[in-house]
Asker: 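I am attaching a structure below and will ask some questions about it afterwards.
These figures come from a predicted structure and were not determined experimentally.
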Amino acid sequence: MRDFARLLDRLSFEPRRNAKLALLTDYFASTPDPERGLALAALTNELDFRHAKPAMLRALIGKRADPVLFALSYDFVGDLSETIALMWPKREGVNAAPPRLSEVVETLAKAGKTEVPGFVSGWLDTLDETGRWALLKLVTGGMRIGVSARLAKTAVAGLGVLSPDDVEQVWHGLKPPYEGLFAWAEGRAQKPETDDPAPFRPPMLAHPIEEADFERLDPAHFAAEWKWDGIRVQASAGRERNGALKRRLFSRSGDDISAAFPDLVDELDFDAAIDGELLVMVDGRVQSFNALQQRLNRKTVTKALMKSAPVGIRAYDLLSLDGEDLRERPFEERRDRLEGFLDRLAHPALHASPMVGFSSWEELADAREDPAQFEAGEDAAAIEGVMLKRRDAPYVPGRPKGLWFKWKRDPFLVDAVLMYAQRGHGKRSSYYSDYTFGVWREGELVPVGKAYFGFTDEELLEIDRFVRNNTLNRFGPVREVVHTKENGLVLEVAFEGIARSKRHKSGLAMRFPRVARLRWDKPPAEADRIDLLEALVNEDEKA
Amino acid sequence: MTEAGLYCPAGGFHIDPVRPVERALITHGHADHARAGHGAVMASGETLKIMAARYGEDFAGSSEKATMGESLRMGDVEVSFHPAGHVLGSCQIRLDFSGFRIVVSGDYKRQADPTCAAFELLPCDIFITEATFGLPVFRHPKAEDEIAKLLKSLRLFPDKTHLVGAYALGKAQRVIALLRQAGYDKPIYLHGALETLCRLYEEEGVELGPLEPVGKRGKELAGEIVIAPPGQLADRWARRFGDPATALASGWMRVRARARQRGAELPLIISDHADWDDLCATVLETGAEEIWVTHGAEEALVHWCKTAGLKARPLNMIGYEDSGETAESSGA
């Protein structure tokens, strides 16, 4: 646990990707099995301790510390595990050795719900601040130390001559503590046997297109398709040795999200892998991201929700079919095979994403500007731009240069007035970094959204100072700041879309709002009126 | 309390006022406590020198040096200055009126510090305490262990300049003195803003070993220790060192988000303020029945005092930095 804690500690302060990679590879090289494999499982979020939840941690600290002092500390630190790790009182007379990582993992896997708190508090008594922090991060999951599963796998690959995609290919057939994988990476053994019939294939990603690219690139070499505002998924299915069909839905990062979408997964009756966009579709019409949001980040799903928000896939690509790997084939050929495959399948929830015909960049720019006029029709509200793909490009995992480009629609902008600010959590803790902003309606400001990123670190300091010096009222962690016609701070807020919502007081919900600029130059009276936002919603609804 | 801060009507003076007043007693030289422009100032000899070095010789209408531990009468009050252990020349101020005793702690710490006189415990009836680190999440580790982390990093990364952010008054000199105690005898390089105060410390008898200005040097300082004010770490100035290892010496480094916000890859938890345990212990040891809390996390300390059966109230002082956003107390 000590080495693992030290690793997490150093990773959490290290901003450079390559240095993180070096720290990880060094740890994997110098730590024995099974400790390193369990650390890898922790970093890739493959461990789940069902009974160690934030509520349990709160109960533990509740027994050891004054609740008022805990609440004040938590408000300042902004992270539950860290707050508890720092304020956990030392217990005299404890001299047991801190646990090994494997001891923690094995003990918790076997422990019943009522035993878990006892184990955790016993371990906390033997650890120092860093050790306690690492333990609590481990047992509650969600390390949030700036290490993606991909980076951890890349570090394993770095033990020898494997590429990260080699690791990715076998990953879903393996289980902690990954002894076979480490042996393969270190050149001590053959590739571990996995007969996963529905594996995850690392996806191909696009670069944002730049102004200069248009002069360089020939439109004739590229095909275009709509970029849908849903989530990128991979639907993978195939037969196991006993003939049973294994079906899986993966997120872009390779997380298995099948359990949240049984309505779709049960329909994957084929031996193939499709790359596409997961969207809510009602009566064949694609709904906005707002509709999809209620189905995301869930472990399971209710029947009612499957009925009110049924999902489907707009397919972009076909990666394998009936045991044949198509990824080396050119895009045009894969696209033909995809269309033929989906035509035969004729499933109402699975469609090929339509291509956008164009002969010049100008024509494509027009389509991107107004998809409704270019055959997207009623689905236009769920389109966030266009994708450009080289017709002859193979499917290359990662983000290869020059093959795929994304060209997003410009964001909407609104000038709004800062009304309330709240202290942030995580990285922004103890700064006022969550902002509620409003626009004018009949001479009054009405809150229309919240933004908590988009600004630079310097801008954060400026806003924080403004909030502290212009506080009108405090409501717990929230401060109301000055917002009259003459005095206040105008924020230029960028957002991707807007829809009606019953959850918000204003009746509107913005998609992906963020602070684009601080308009110190603008008096609040000149901020926008709600009519502007209403007009955008109405446009969307018409579309 | 007045707008300018803590006021003693019986003696006709303010203590650490944040606005110009006729007569001020100053606990220590940090800018939020020691401001320029008062009519008459009384402080320790070191504090007066620090104020003169920062604001010029004419920082106040007149100044008077307080002798440590010696009482003098001001109006109806007996006043005396005693070491607070915070920075060079830092004092607590004790006020006696007809047998009733108030101690104004100013900023203080109980940890050992080779660069200033140790905190003196003063029994009293009312103890006016700071609470910069007045939350139970702040337990400062041994400063020596933090310095060991810095020296270890220097061994692991001998090609990197180790750039240490430390506030110009107190923290910088303490870090240097701790490095010397740990046996580091190479020259330590200073940002220009630290030179005057380091010289002043040496004139006052605090030995800091070989010090050199950074001057125009940059990458040639690979493998060396450079000390600079915290605000300079992310500044253009720091780019001259290529890709340095950035350390920051401050009690705030205990909280990860704070360390990351400040861009510290090597957070050194070294503080010139009392941590939570020391605040609580000091409150009890003074024997005071009533505790007034000046600045920092007042709410938590006031709450704790009440649970310990003491009367306590926050003074809601305005003008002392509350959470480390500015250069001054980010070095706390």
Side-chain angles (χ1 to χ4, degrees), chain A residues 6 8-16 18-20 26 61 64-79 81-90 128-130 133 137 144-146 423-433 457-458 460-462 464-465 467-469, chain B residues 131-141 145 149 152-153 156-157 160 231 234-235 243 245-248 252-269 275-277 280 296-308 318 321-327 330:
Chain A
R6 201 171 291 163
L8 291 192
D9 186 48
R10 295 204 51 191
L11 287 171
S12 76
F13 289 119
E14 179 54 70
R16 285 163 289 227
N18 285 343
K20 283 184 189 179
D26 179 57
I61 191 70
R64 295 283 187 105
D66 179 296
V68 175
L69 294 180
F70 169 72
L72 291 167
S73 297
Y74 182 36
D75 179 50
F76 183 86
V77 175
D79 179 289
S81 299
E82 187 180 351
T83 308
I84 296 173
L86 290 178
M87 71 185 294
W88 189 258
K90 274 227 164 12
D128 63 5
E129 275 92 351
T130 308
W133 168 76
K137 285 281 157 196
R144 291 169 202 253
I145 50 163
R423 288 217 261 210
H425 277 212
K427 194 173 137 210
R428 310 278 200 202
S429 83
S430 71
Y431 286 109
Y432 286 90
S433 63
D457 288 354
E458 284 90 64
L460 171 64
L461 292 182
E462 288 170 28
D464 183 75
R465 200 171 309 131
V467 170
R468 287 169 194 274
N469 293 336
Chain B
T132 305
F133 291 110
L135 284 170
V137 294
F138 291 109
R139 291 202 182 85
H140 305 325
D145 293 348
K149 280 205 273 184
K152 186 180 170 200
S153 173
L156 277 175
F157 304 104
K160 283 186 182 237
D235 197 82
D243 182 24
T246 310
L248 187 56
W252 300 112
M253 295 298 104
R254 183 46 107 186
V255 175
R256 284 164 189 284
R258 282 304 183 92
R260 279 196 296 269
Q261 284 155 358
R262 304 299 309 251
E265 296 147 31
L266 192 62
L268 304 176
I269 309 166
D275 68 2
W276 172 257
D277 290 344
C280 296
E298 303 97 303
E299 216 179 331
L301 191 60
V302 165
H303 172 80
W304 179 86
C305 288
K306 287 179 179 165
T307 61
I318 293 168
E321 301 300 341
D322 68 337
S323 36
E325 270 77 356
T326 66
S330 61

Asker: Measuring from B:Phe138:CZ to B:Trp252:CH2, what's the distance to the nearest 0.5 Å?
Answerer: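 Nearest 0.5 Å value for the CZ-CH2 distance: 5.0 Å.
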
Asker: Within the distance-only criterion (no hydrogens, no angle test), does the side chain of A:Asp464 pair as donor or acceptor with the backbone N or O of A:Tyr432 below 3.5 angstrom?
Answerer: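 Indeed, once roles are kept as given, a pair shorter than 3.5 Å links the two residues.
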
Asker: Check A:Lys20 against A:Ile145 and note the closest heavy-atom contact, atom names and distance.
Answerer: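 A:Lys20 and A:Ile145 have their closest heavy atoms at NZ-O, 4.1 Å.
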
Asker: Counting only non-hydrogen atoms closer than 4.5 Å, does A:Trp88 touch chain B with its backbone (N, CA, C, O), its side chain (CB onward), both, or neither?
Answerer: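 The answer is the backbone of A:Trp88.
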
Asker: Using non-hydrogen atoms and a 4.5 Å limit, figure out which bit of B:Pro267 sits close to chain A: side chain, backbone, both or neither.
Answerer: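 Contact with chain A involves the side chain of B:Pro267 alone.
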
Asker: Ignoring hydrogens and geometry, is there a side-chain-to-backbone donor-acceptor pair from B:Arg254 to B:His140 under 3.5 Å?
Answerer: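 A pair under 3.5 Å: no.
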
Asker: Is it the backbone or the side chain of A:Asp9 that comes under 4.5 Å from a heavy atom of chain B, or both, or neither?
Answerer: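 Both parts, backbone and side chain.
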
Asker: For chain B, find which of A:Asp66, A:Leu72, A:Leu69, A:Leu86 contributes the most heavy-atom pairs closer than 4.5 angstrom.
Answerer: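 Most pairs with chain B among the choices: A:Leu86.
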
Asker: Could you have a look at B:Val137, B:Thr307, B:Leu135 and say which one has the most heavy-atom pairs with chain A under 4.5 angstrom?
Answerer: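 Heavy-atom pairs under 4.5 Å are most numerous for B:Val137.
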
Asker: Can you confirm whether A:Glu14 is buried at CD, in the sense that more than 12 heavy atoms of other residues, nucleotides or ligands lie under 6.0 Å from that atom?
Answerer: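 Atom CD in A:Glu14 is crowded, with more than 12 foreign heavy atoms closer than 6.0 Å.
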
